[in-house]
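What follows is a single structure, written as structure tokens, with notes after it.
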Amino acid sequence: AQSVTQLGSHVSVSEGALVLLRCNYSSSVPPYLFWYVQYPNQGLQLLLKYTSAATLVKGINGFEAEFKKSETSFHLTKPSAHMSDAAEYFCAVSDRGGGFKTIFGAGTRLFVKA
Amino acid sequence: ETGVTQSPTHLIKTRGQQVTLRCSSQSGHNTVSWYQQALGQGPQFIFQYYREEENGRGNFPPRFSGLQFPNYSSELNVNALELDDSALYLCASSTYTGTYEQYFGPGTRLTVT
């Protein structure tokens with residue numbers, strides 16, 4: 001069975017500081033991995049995805065994530081936080097594409113301090 | 001290109017009632033997935049529909065059912081509502097193969113009293 005663990009339900013950074021949101025996954029087959037962002041009272045927006053191509057994946061809004069099979073991790077980073085990055089972030093795993101039985105983590109709330 | 005839309009935005013129902021939520025897929029997408037997101041939690045996969053057939057189901061009881069129509073729009077029906085059904089219900093559309101991406105609607109906030 002697949003699962004996702006996001007370490008830290010809340011992360012607080014200063015504007016301009018590095019953002020690091022942690023995600024570890026469990027999957028019995030090569031996974032497809034995703035990071036989504038959710039702003040208050042909105043649906044989810046895809047930030048980036050890993051689908052067995054390059055292990056370093058670049059997404060929108062300056063975010064990127066690195067797939068590390070040996071560590072079963074897919075951590076999300078951004079070099080310099082902006083106030084507009086404050087939101088809820090979800091890591092997700094699927095064993096195939098098209099949203100099939102996608103499993104989401106519990107989410108990490110990112111706070112950005114001025 | 002029209003994105004994923006959901007209706008209604010908010011809904012209040014009484015325990016024991018039935019509810020129908022609606023979703024219109026993004027243009028060109030033939031697959032719809034439904035998720036339940038309880039407050040403070042990540043979305044949980046309810047089921048997926050492809051070509052009007054249920055194509056996979058998460059750990060939800062049979063009182064959660066769905067339909068997909070020829071135009072790929074979809075409905076989520078929940079019978080015998082319970083207080084724990086209060087949540088944000090998200091619909092996501094995608095193609096069955098290829099891009100691996102889901103596009104989410106804004107959700108329907110269901111409150112059961």
Same cluster (ILVMFWY, side-chain, under 4.5 Å), A/L47 and A/L7:
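Cluster IDs for A/L47 and A/L7 differ.
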
Got a sec: does the [atom1] of [X] have more than 12 other heavy atoms crowding it under 6.0 Å?
X	atom1	value
B/R15	CZ	no
A/L18	CG	yes
B/L39	CG	no
B/R57	CZ	yes
B/Y72	OH	no

Considering only heavy atoms, which portion of A/Q6 lies under 4.5 Å from any heavy atom of chain B: side chain, backbone, both, or neither?
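For A/Q6, no heavy atom lies under 4.5 Å from chain B.
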
Proximity breakdown for A/L44 and chain B, heavy-atom pairs closer than 4.5 Å:
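The answer is both parts of A/L44.
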
Nearest 0.5 Å please: distance from the [atom1] atom of [X] over to the [atom2] atom of [Y].
X	Y	atom1	atom2	result
A/L48	B/E101	CG	CD	10.5 Å
A/Y36	B/Q102	OH	CD	4.5 Å
B/N59	A/K101	CG	NZ	10.5 Å

Using heavy-atom distances under 4.5 Å, tell me whether B/I46 contacts chain A through its side chain, its backbone, both, or neither.
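Neither part; nothing is under 4.5 Å.
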
Given heavy-atom pairs under 4.5 angstrom as the criterion, report whether the side chain, backbone, both or neither of B/Q37 touches chain A.
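For B/Q37, side-chain heavy atoms alone lie under 4.5 Å from chain A.
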
Taking the side chain as C-beta and beyond, is there a heavy-atom pair between A/T102 and B/S33 under 4.5 Å?
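Not touching, per the 4.5 Å side-chain cut-off.
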
